[in-house]
There are 2 protein chains.
Amino acid sequence: MKSKSVRRVTLGDVAARAGVSPTTASYILNGRAGEMRIAGETERRVREAAEELQYRPNRLARNLRTSTTKTYGVISDFVASGHFAGEMLSGAATVARASGHLLVIGETEGDVEVEARLVDEMLDRHVDGILYATLVTMEISVPEVLRKHPTVLMNCVDTTGQLPAVIPDEVGGGRVAGELLLESGRAAGAYVVGADPTPGALAGGRRLTGVEAALNEAGHALAGMIPCEWSVREAFAAMDGWLRDGGRPGALVCMNDRIAMGVSQALAEHGLQVPGDVAIVSFDGSELASWLRPTLTSVAVPYAGIGARAVELLLAGAAGREVEEMPMDVVAGGSLGGGGSTGKR
Amino acid sequence: MKSKSVRRVTLGDVAARAGVSPTTASYILNGRAGEMRIAGETERRVREAAEELQYRPNRLARNLRTSTTKTYGVISDFVASGHFAGEMLSGAATVARASGHLLVIGETEGDVEVEARLVDEMLDRHVDGILYATLVTMEISVPEVLRKHPTVLMNCVDTTGQLPAVIPDEVGGGRVAGELLLESGRAAGAYVVGADPTPGALAGGRRLTGVEAALNEAGHALAGMIPCEWSVREAFAAMDGWLRDGGRPGALVCMNDRIAMGVSQALAEHGLQVPGDVAIVSFDGSELASWLRPTLTSVAVPYAGIGARAVELLLAGAAGREVEEMPMDVVAGGSLGGGGSTGKR
DNA sequence: CTCACTTGCTGAAGGGAATCAGCAACCACG
DNA sequence: CGTGGTTGCTGATTCCCTTCAGCAAGTGAG
């Protein structure tokens with residue numbers, strides 16, 4: 001199974017066949033022919049030889065010489081969870097590939113030791129840069145050593161604010177949710193379901209800020225908060241309890257789609273219709289939003305966009321400190337009533 | 001931001017400080033001291049020097065010399081979709097890391113051109129092996145060049161049967177589902193919901209085979225099939241139509257959790273209770289199964305296990321041709337009635 | 001004292017590309 | 001005919017490690 005090692009074609013072979021020195025061949029194949037005043041005819045011969053011999057440069061040799069690998073490392077706490085990490089990876093991989101880079105992944109499982117080891121492994125392999133991602137949008141402190149290497153944070157910001165980061169514009173997303181409520185005429189008696197479960201997490205607070213801003217500017221106000229962790233179960237329990245206590249919401253802003261699912265279940269069990277009795281708008285724009293009946297109108301976190309943008313910053317030589325906020329767009333569903341009850345996905 | 005390149009410590013530096021030759025230092029640090037009859041005292045000095053200088057071997061140089069990179073490439077059609085790909089990656093990464101390997105990923109989006117380019121990029125970088133994964137369990141034909149390099153297929157088998165593969169034991173999983181139905185006394189009037197949506201896909205047929213086998217052996221038989229694509233929407237539509245036509249199932253075997261969700265929605269809208277009126281067992285063991293009310297009893301696809309096992313095969317020098325089937329385990333939920341209505345997740 | 005072996009180490013040769021410094025050949029000009 | 005400049009190319013070195021082949025010194029037997 002091991003390749004029968006027929007000795008790969010080297011730069012020297014190409015040079016020999018073209019009747020030039022390896023130096024010349026190198027310059028030509030690296031596009032420095034003009035700069036080095038190589039004759040057009042010579043260039044043609046070398047390229048032809050490379051083509052005929054099916055020459056592929058030995059990346060390992062080049063890596064050693066240039067200390068460069070056309071490779072970026074991705075450190076993230078959880079690769080496996082939900083589609084989030086996957087989308088971020090996918091977005092990053094696409095942009096990386098376009099510039100000939102590959103992605104090396106490492107999952108820390110939230111363990112600092114593992115994280116440190118992974119960072120070392122990647123730096124040992126001379127990745128050209130590191131993408132540091134978290135599953136939940138949050139403020140974190142990254143390993144010191146990353147400050148000495150090109151690094152871009154995805155979905156998080158570091159406490160010292162030294163490193164460039166790409167995060168969702170959660171406040172803007174909150175405003176979008178608030179505006180959707182206003183547009184559909186369901187802003188009265190709106191409650192927010194969810195509270196930030198993770199210390200350091202940013203999404204909840206910032207989304208709330210945005211929602212309140214939008215409502216307040218239109219002369220409305222939130223009717224209240226129904227706190228719960230961001231899971232289907234917890235949301236169901238919280239909502240169920242609240243409804244049992246006689247609560248009757250006009251609309252619900254759910255901090256994510258899973259909360260919206262739990263909430264929907266509770267509403268259904270109490271005989272309340274969505275969107276007839278209760279309008280729902282939520283956040284995430286996950287597949288789940290398109291699975292529910294009615295489909296959810298959800299303000300999507302642009303995970304793929306974050307990944308893509310982060311790689312762009314790395315490619316551009318990430319100057320440091322700037323935090324870029326990616327706009328959150330609506331995935332229209334039927335949970336607010338009115339138009340598109342089919343959802344966009 | 002670029003590291004200020006203080007010239008990394010090299011093997012030579014360590015050797016100099018310990019007063020030995022680089023050769024000796026190399027042998028010692030590579031654990032070949034015994035084999036080379038290096039004196040204990042010398043070994044100590046070298047290790048100490050390495051420690052003091054914080055020596056980290058230059059992997060790029062080693063890579064070049066050994067044509068080995070402690071790196072595996074993962075080619076998969078979709079990295080972003082669902083938690084499946086993520087779990088497989090995660091399982092693979094964990095085992096890989098344990099042996100000092102990192103994973104390089106590449107997403108083909110199902111495009112053969114992209115796939116070919118990614119394979120080339122990885123082989124150029126001399127990955128030590130390739131994991132080739134598909135989102136859906138299926139039979140595929142892999143790029144020819146992979147046959148010349150250590151390769152293990154994850155969640156798929158190749159048409160020629162030349163390459164080692166790790167797939168879920170779908171027939172066994174089907175049996176498990178059938179047995180669950182029997183154990184809970186709900187085997188009578190059981191319909192199967194779903195049909196294989198993708199050409200070449202294996203899961204549906206094999207699951208069905210297992211379910212039928214288990215039922216038949218106990219003197220039961222399936223009451224029928226309700227075909228639909230494997231999505232929430234399609235499942236809802238199919239089930240809703242079937243119920244409108246007056247169908248009344250005693251139990252449903254759903255080909256995956258998304259189908260089960262659509263089915264649950266349809267049952268609810270027709271006033272049928274789970275598990276009271278209709279028992280449900282499904283496949284996948286995804287998070288979704290734990291989100292529904294009642295939670296689903298679902299036969300889980302061991303994605304993480306597949307990834308982990310595939311890397312083990314690669315590490316063991318994958319001998320070729322053997323196809324390993326990983327057992328599918330039950331994630332207990334409440335959809336079959338009886339015990340655990342809380343679910344295991 | 002010699003020979004054969006063991007112990008403990010080292011020199012030098014790669015691996016394949018990138019790149020600095022420089023050289024030969026030719027031309028033009030005064 | 002010497003000088004200076006351009007054109008077009010190349011030799012030698014470097015990146016840092018692994019590893020083959022071999023050598024000097026010590027030991028024990030004969």
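A note on names: the letters A, B, ... follow the listed sequences, proteins ahead of strands, and every chain is numbered from 1.
Within the structure, every side-chain polar atom (N or O) of A/T23 is placed at least 4.0 Å from both OP1 and OP2 of D/dC9. An OP1 or OP2 oxygen of C/dA18 is reached within less than 4.0 angstrom by no side-chain nitrogen or oxygen of A/T66. One finds a side-chain N or O of A/N30 lying less than 4.0 angstrom from the OP1 or OP2 phosphate oxygen of C/dA18. Checking the phosphate oxygens (OP1, OP2) of C/dC9, no side-chain nitrogen or oxygen of B/S21 falls inside 4.0 Å. Phosphate contact (OP1/OP2 of C/dC9, side-chain N/O of B/T42, threshold under 4.0 Å): present.
Taking the side chain of A/R37 as heavy atoms from C-beta on, and the options D/dT7, C/dT19, C/dC9, the nearest nucleotide is D/dT7. Taking only side-chain atoms of A/R65, from C-beta outward, the nucleotide of D/dC17, D/dT14, C/dT10 with the closest atom is D/dT14. With C/dC9, C/dA17, D/dC16 as the choices, the nucleotide that has an atom nearest any side-chain atom of A/T10 turns out to be C/dA17. Of the listed nucleotides (D/dG11, D/dG8, D/dC20), D/dC20 has the atom at the smallest distance from the side chain of B/Y27. Considering only the side chain of B/L64, C/dG15 comes nearest among C/dG15, D/dT19, C/dA18. Of the candidate nucleotides D/dT7, C/dT10, C/dG16, C/dT10 has the atom lying nearest to any side-chain atom of B/V20.
Between the B/R47 side chain and the B/I28 main chain, a donor and an acceptor come within less than 3.5 Å of each other. A donor-acceptor contact shorter than 3.5 Å is absent between the side chain of B/R97 and the backbone of A/G106. In this structure a side-chain-to-backbone donor-acceptor pair under 3.5 Å is missing from B/R117 to B/E113.
The distance from atom CZ of B/R62 to atom P of C/dG16 is 18 Å, rounded to the nearest whole Å. The nearest whole Å value for the distance from the CG atom in B/L60 to the P atom in C/dG16 is 16 Å. What separates NE2 of B/H126 from C1' of C/dA17 is a distance of 12 Å, to the nearest Å. Atom CE of A/M36 is separated from atom P of C/dC20 by 7 Å (rounded to the nearest Å). The separation between B/D13 atom CG and D/dC17 atom P is 8 Å, rounded to whole Å. Taking atom CG of A/L29 as the reference point, atom P of C/dA17 lies 10 Å away to the nearest angstrom. Note: CG (A/D124) to P (D/dC16) measures 14 Å, nearest angstrom. The separation between B/N58 atom CG and C/dG15 atom P is 19 Å, rounded to whole Å.
Residue whose closest nucleotide on DNA chain C sits further toward the 5' end, between B/G19 and B/A61: B/G19.
Side-chain contact check for A/V142 versus A/T151: every heavy-atom pair is 4.5 Å or farther apart.
By the 30° and 60° cut-offs, the orientation of the rings of A/Y72 relative to A/H101 is parallel.
Nucleic acid contact for B/P57: sugar-phosphate only, since backbone atoms but no base atoms lie under 4.0 Å from a heavy atom of the residue. Within 4.0 Å of B/L11, counting heavy atoms only, lies at least one base atom of the nucleic acid.
Considering CG of A/L102 and CG of B/L103, their distance stands at 12.0 Å, rounded to 0.5 Å.
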